[in-house]
Amino acid sequence: VQLQASGGGLVQAGGSLRLSCAASGRTFSTYCMGWFRQAPGKEREFVAAITRSGGSPNYADSVKGRFTISRDNAGNTVYLQMNSLKPDDTAVYYCAISTIATVFAGDINYWGRGTQVTVSS
């Protein structure tokens, strides 16, 4: 499986970004999809996840109400819409594939390369 994330960039606090992650190589719809992030000097942390069918999205408390995860199984793509961004959201964002719905990085089967999101104050 190969994952290609895009959509990161520099944005002012309060702004929005939409991350995309295109998957190839396996049957996309058989996997749960998620986003993690890693800020400098910190461990990689869970951000959001979505099940195979696109239902039951799960979010970290820190992004709940501001971020929305969605997927397009026909297009083999998962999205992360990020609104009301804060400087604390600054990190490298990674898309991830797993066979089970999980918030743990150790359960991830495949990682994307990551895309930088920088939020200025």
Side-chain angles (χ1 to χ4, degrees):
V1 176
Q2 293 184 335
L3 301 172
Q4 183 65 50
S6 61
L10 173 63
V11 64
Q12 289 188 333
S16 298
L17 284 174
R18 189 190 195 205
L19 304 184
S20 301
C21 179
S24 61
R26 289 285 181 93
T27 305
F28 178 77
S29 62
T30 64
Y31 291 99
C32 299
M33 299 294 298
W35 290 92
F36 287 70
R37 67 186 181 186
Q38 188 166 17
K42 295 187 177 181
E43 293 186 354
R44 193 168 297 188
E45 65 175 6
F46 169 77
V47 175
I50 193 166
T51 60
R52 295 169 180 79
S53 64
S56 304
N58 188 26
Y59 300 96
D61 288 343
S62 58
V63 306
K64 203 169 291 184
R66 300 187 297 121
F67 290 12
T68 302
I69 187 170
S70 61
R71 66 188 292 167
D72 173 10
N73 284 343
N76 287 2
T77 303
V78 62
Y79 303 96
L80 186 68
Q81 177 67 43
M82 305 185 295
N83 298 329
S84 302
L85 282 161
K86 306 174 181 179
D88 284 349
D89 295 318
T90 295
V92 177
Y93 283 70
Y94 298 89
C95 62
I97 279 181
S98 59
T99 54
I100 60 172
T102 183
V103 302
F104 300 109
D107 292 332
I108 297 301
N109 299 99
Y110 301 99
W111 293 99
R113 183 167 287 188
T115 184
Q116 177 70 46
V117 171
T118 303
V119 184
S120 62
S121 57

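In this text, all values refer to a predicted model and were calculated from it rather than measured experimentally.
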message: I need the minimum non-hydrogen distance between Leu3 and Met33, along with the two atoms involved.
response: CD2-CE, 4.4 Å

- request: Report the distance from atom CG of Asn58 to atom OG1 of Thr51, rounding to the nearest 0.5 Å.
  value: 10.5 Å

message: For Arg71, give me all partners under salt bridge (charged side-chain N to carboxylate O under 4.0 Å, His left out), at least two apart in sequence or on another chain.
response: none

Thr30 backbone acceptor or donor facing Arg52 side chain under 3.5 Å: yes

task: Indicate the atoms forming the closest heavy-atom contact of Ala5 with Cys95, along with that distance.
output: CB-SG, 4.2 Å

- prompt: What distance separates Asp107 CG from Ile100 CD1, expressed to the nearest 0.5 Å?
  reply: 4.0 Å

- request: For the residue pair Val1 and Asn109, establish whether any side-chain heavy-atom pair is separated by less than 4.5 Å.
  value: no

- request: Can you measure from CD1 (Ile97) to CD1 (Ile108) and round to the nearest 0.5 angstrom?
  value: 9.0 Å

field: Ile50-Val63 co-clustered via ILVMFWY side chain contacts under 4.5 Å
entry: yes

- request: List the atom of Pro87, the atom of Ala13, and the distance in Å for their closest heavy-atom pair.
  value: CD-CB, 4.1 Å

field: Sole candidate of Phe36, Phe104, Trp35, Tyr93 that passes ring pair (Phe, Tyr, Trp, His ring centres under 6.0 Å) when paired with Phe46
entry: Phe36

- prompt: What orientation do Tyr110 and Tyr31 show, parallel under 30°, tilted 30 to 60°, or perpendicular over 60°?
  reply: perpendicular

field: Closest contact, heavy atoms only, Ala39 versus Thr90
entry: CB-O, 3.7 Å

query: With no hydrogens and no angle check, do the side chains of Ser6 and Gln4 hold a donor and an acceptor under 3.5 Å apart?
result: no

- prompt: Do the side chains of Val92 and Arg37 get nearer than 4.5 Å, heavy atoms only?
  reply: no

- prompt: In terms of hydrophobic clustering (I, L, V, M, F, W, Y; side-chain heavy atoms under 4.5 Å; direct or indirect links), are Leu19 and Tyr94 co-clustered?
  reply: no

task: Could you check if a side-chain atom of Trp111 sits within less than 4.5 angstrom of a side-chain atom of Arg44, using non-hydrogen atoms only?
output: yes

- request: Any chance you could measure Ile69, atom CD1, to Gln81, atom CD, to the nearest 0.5 Å?
  value: 12.0 Å

query: Has Gln2 got more than 12 heavy atoms of other residues, nucleotides or ligands less than 6.0 Å from its CD?
result: no

Lys64 bridged to Asp61 by N-O distance under 4.0 Å: yes

- line: To the nearest 0.5 Å, atom OG of Ser53 lies from atom CG of Asn73 at 8.5 Å

Arg113 CZ to Cys21 SG distance, which is reported to the nearest 0.5 Å: 12.5 Å

query: What are the two closest heavy atoms between Ala48 and Tyr59, and how far apart are they?
result: CB-CD2, 3.6 Å

Heavy-atom side-chain contact between Phe67 and Leu85 under 4.5 Å: yes

message: Quick check: do Met82 and Val11 have side-chain heavy atoms less than 4.5 Å from each other?
response: no

task: Begin from the C-alpha positions of Val119 and Val117 and carry the test side-chain contact (heavy atoms from CB on, under 4.5 Å) through to its verdict.
output: CA-CA 7 Å; Val119 184; Val117 171; 4.2 Å; yes

